[in-house]
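Since the structure comes first, as structure tokens, the remarks are kept for the end.
As the structure is a computational prediction, the values presented were derived from the model and not from experiment. Computed over heavy atoms, backbone and side chain alike; hydrogens, waters and symmetry mates excluded. Below, chains carry the letters A, B, ... as their sequence lines are ordered, and counting in each starts from 1.
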Amino acid sequence: MSIKVTKRSEDYSRWYTDVVQKAELADYGPAKGTMVIRPYGYAIWENIRNIADRKFKETGHVNAYFPLLIPESFMKKEAEHIEGFAPECAVVTHGGGKKLDEPLYIRPTSETIIWSMYKKWINSYRDLPLLINQWVNVVRWEMRTRLFLRTTEFLWQEGHTAHSSYEEAEEEARKMIEIYRQIAEDYMAMPVYVGKKTDAEKFAGAVYTYTIEAMMGDKKALQSGTSHNLGQNFAKAFNVTFLSKENKQEYVYATSWGVSTRLVGGVIMAHGDDKGLILPPKIAPYQLVIIPIWRTAEQKILLLEEVAKITHQFNKEDVRYIIDDNEQTSPGWKFNQWEMKGVPLRMEIGPKDLRITGSCWCGATPVKNNLSQQRICSPLLPDCWKRSRIVCFSALLNSETGIPMKLIIMLISKRSSKAVAL
RNA sequence: CGGGGCAUAGCGCAGUCCGGUUAGCGCGCCUGCUUUGGGAGCAGGAAGUCGCAGGUUCAAAUCCUGCUGCCCCGACCA
């Protein structure tokens with residue numbers, strides 16, 4: 001494997017696939033268009049997922065699971081829906097060695113199977129609203145695939161809600177696109193435009209489709225999350241009605257909304273540079289990499305003792321860190337490797353001094369700078385690592401502001417006016 | 001589905017035009033010693049159904065036919 005990635009200015013697409021593979025985020029699966037999400041890439045997805053899941057639950061949603069296989073007749077109940085999805089569906093025709101009486105669709109999305117169940121569960125306005133989400137895989141047979149951005153199978157969440165009025169459904173659809181905006185901007189440092197899709201572009205079966213669109217490094221927009229007001233389309237298709245307070249039968253109003261592993265592709269393109277990934281601290285698998293540098297065995301022991309004192313504090317503060325004390329690779333190799341993987345901050349701790357380097361994040365704006373090396377103190381003197389500084393350091397990594405480095409430099413290295421100006 | 005490219009060691013490639021020893025090179029991997037603050041050095045070593053199937057030939061990675069897979073660029077999608 002070559003050491004460097006293709007420069008963005010040379011070939012943006014190749015740069016992207018290089019970074020995905022060399023940062024060990026994902027690899028190609030054996031079947032066409034499939035992707036293996038490797039542990040480092042999956043950790044980013046898990047962080048995004050945990051943030052989203054918490055926000056869904058804070059807004060009253062609950063998780064459930066609906067089946068992967070959907071009878072063909074279900075798919076065909078909503079005319080626009082099947083028209084929109086049929087060409088990109090994978091269909092199971094055989095099972096148990098026999099041809100099936102009715103083909104089973106592998107879910108491209110779950111509106112149909114979920115609404116068939118909602119029909120059983122909704123009888124009166126007292127059953128509403130019904131606010132269910134699921135974290136699952138879906139399959140869409142795409143012509144052209146790219147890791148994370150468009151793969152045959154991908155991971156996502158799909159929320160499916162049922163309401164007693166059009167206004168309430170509309171409010172839900174807008175509420176969820178706002179949550180997606182917050183996840184993109186406040187956690188992934190990825191600015192987005194919130195907008196409504198044209199009739200041609202909207203989801204098949206929706207009344208309105210709202211999306212967040214993120215701007216990538218090649219100046220192309222990436223649709224990064226969608227929220228649909230489905231009106232009564234699926235309720236009518238599956239005959240889901242409820243008895244209102246006024247004792248009248250009415251069709252239920254619905255929404256659905258989702259974000260997928262495409263978000264991981266978005267964050268790569270939004271921030272990465274010619275040295276590899278650059279990850280926002282809030283979703284980075286490791287927010288900090290600690291690289292001890294030693295010459296002798298005694299130095300190594302001493303250094304690791306110091307590192308343990310520091311990490312003891314990080315454990316309390318929930319800082320995600322990794323100590324790279326691998327003896328098989330050189331410090332230089334480690335620097336480049338972790339830069340490829342986009343770890344926000346690096347702490348070099350050696351016989352001479354301790355340095356912190358990394359990227360600067362200013363809120364949702366993806367302003368980033370490789371900071372000049374900041375010397376702090378000599379780590380071989382046990383008292384030099386001021387406890388208060390560690391507290392600041394770890395608290396900043398966890399702050400809601402998303403601007404760890406700026407403040408770290410101000411607090412820790414006051415003499416560097418250039419860094420403060422960042 | 002159209003256009004282009006590729007398939008040889010784990011990865012990246014050369015060799016193919018013009019058939020001919022034991023199929024090479026770089027990185028990685030294994031062993032040993034020296035190293036370690038920006039991708040370390042030396043020495044030794046392991047590793048290949050040359051994408052698959054036919055054909056031509058004394059002889060095929062190389063020529064012919066068919067097939068398969070993948071990547072990139074376009075139209076569609078989260």
On a whole-Å scale, what distance lies between the P atoms belonging to B:G66 and B:G3?
16 Å
Without decimals, in angstroms, what is the distance between A:Trp338 CH2 and B:G37 C1'?
18 Å
Classify the nucleic acid contact of A:Thr226 as base, sugar-phosphate or nothing, counting any heavy atom under 4.0 Å across all strands shown.
sugar-phosphate
Say you pick atom C1' in B:C52 and the same atom in B:U68; how far apart are they, in whole Å?
7 Å
A:Phe238 six-ring face occupied by A:Lys119 cation (under 6.0 Å, within 45°):
no
Could you tell me which nucleotide pairs with B:C77 by Watson-Crick or G-U wobble geometry, both distances under 3.5 Å, or answer none if nothing does?
none
When you compare B:U8 with B:G51, how far apart are their P atoms, in angstrom units rounded to a whole number?
6 Å
Please pick, from B:G39, B:G38, B:A78, the nucleotide with the shortest atom-to-atom distance to any side-chain atom of A:Arg140.
B:A78
Centroid-centroid under 6.0 Å between A:Phe203 and A:Phe85 rings
yes
Are the charged groups of A:Glu178 and A:Arg181 less than 4.0 angstrom apart, N to O?
yes
Describe the nucleic acid contact of A:Arg144 in one word from base, sugar-phosphate, nothing, applying a heavy-atom distance below 4.0 Å.
base
Categorize A:Gln337 for me: base, sugar-phosphate, or nothing, with a 4.0 angstrom heavy-atom threshold over every strand shown.
base
Would you mind telling me which residue lines up with the more 5' stretch of RNA chain B, A:Gly332 or A:Phe154, judged by nearest nucleotide?
A:Gly332
Out of B:C77, B:G39, B:C71, which nucleotide sits closest to the side chain of A:Ser330?
B:G39
Looking at A:Tyr40, is A:Lys341 sitting on its ring face, NZ or CZ under 6.0 Å from the six-membered ring centre and within 45 degrees of the normal?
yes
For A:Thr261, which contact category applies under a 4.0 Å heavy-atom criterion: base, sugar-phosphate, or nothing?
nothing
Only one of A:Tyr118, A:Phe234, A:Phe74 clears side-chain contact (heavy atoms from CB on, under 4.5 Å) with A:Glu111; which?
A:Phe234
Which of A:Glu213, A:Gln223, A:Glu185, A:Gln182 passes side-chain contact (heavy atoms from CB on, under 4.5 Å) with A:Val192? Answer is A:Glu185
In this structure, how many angstroms lie between the P atom of B:U36 and the CD atom of A:Gln299, rounded?
10 Å
Across every strand shown, the nucleotide meeting Watson-Crick or G-U wobble geometry with B:C70 (both distances under 3.5 Å) is B:G5
For atom CD of A:Gln21 and atom P of B:G10, their distance in whole Å
17 Å
My understanding is that a pair needs two contacts under 3.5 Å, Watson-Crick or G-U wobble. By that rule, which nucleotide pairs with B:A40?
B:U34
In Watson-Crick or G-U wobble terms, with both distances under 3.5 Å, the base opposite B:C18 is none
Toward the 5' end of RNA chain B, which comes first, A:Glu142 or A:Asn326, by nearest nucleotide?
A:Asn326
Starting from C1' on B:A78, measure out to NZ on A:Lys197 and report it in whole angstrom.
10 Å
Taking B:C18 as the reference, what is the distance to B:U31 when you measure between their C1' atoms (whole Å, please)?
43 Å
P-based separation of B:A40 from B:G28 [nearest Å]
9 Å
Taking the ring of A:His61 and the ring of A:Trp257, is the distance between their centroids below 6.0 Å?
yes
Both distances below 3.5 Å, Watson-Crick or wobble geometry, any strand: find the nucleotide opposite B:U62.
none
Could you check whether A:Trp333 and the base of B:G38 form a stacked pair, meaning centres closer than 5.5 Å and planes differing by less than 30°?
no
Base, sugar-phosphate or nothing for A:Thr151? Non-hydrogen atoms, less than 4.0 Å.
base
Between B:A43 and B:U35, how far apart are the two C1' atoms, rounded to whole Å?
15 Å
Round to a whole Å and report the spacing from CZ of A:Phe85 to C1' of B:A78.
9 Å
Would you classify A:Leu263 as touching base, sugar-phosphate or nothing, given that sugar-phosphate means primed atoms plus P, OP1 and OP2, and contacts are heavy atoms under 4.0 Å?
nothing
CG of A:Asp274 versus P of B:G39: gap in Å, rounded?
19 Å
The nucleotide from B:A78, B:U36, B:C71 with an atom nearest the side chain of A:Tyr28 is B:C71
Among B:A78, B:G38, B:G37, the one nearest any side-chain atom of A:Ile293 is B:G37
Regarding A:Ser13, tell me which of base, sugar-phosphate or nothing describes its non-hydrogen contacts under 4.0 Å with the strands shown.
sugar-phosphate
Rounding to an integer number of angstrom, what distance separates B:G10 and B:C29 when you compare their C1' atoms?
8 Å
Around atom NZ of A:Lys76, are there more than 12 heavy atoms from other residues, nucleotides or ligands closer than 6.0 Å?
no
Both distances under 3.5 Å, Watson-Crick or G-U wobble: report the partner of B:C29, or none.
B:G45
Spacing of the C1' atoms in B:U62 and B:U16 (rounded, Å)
4 Å
Nearest whole angstrom, please: distance from the P of B:C1 to the CD of A:Glu88.
16 Å
Length of the line joining A:Tyr12:OH and B:C71:P, which is rounded to integer Å:
20 Å
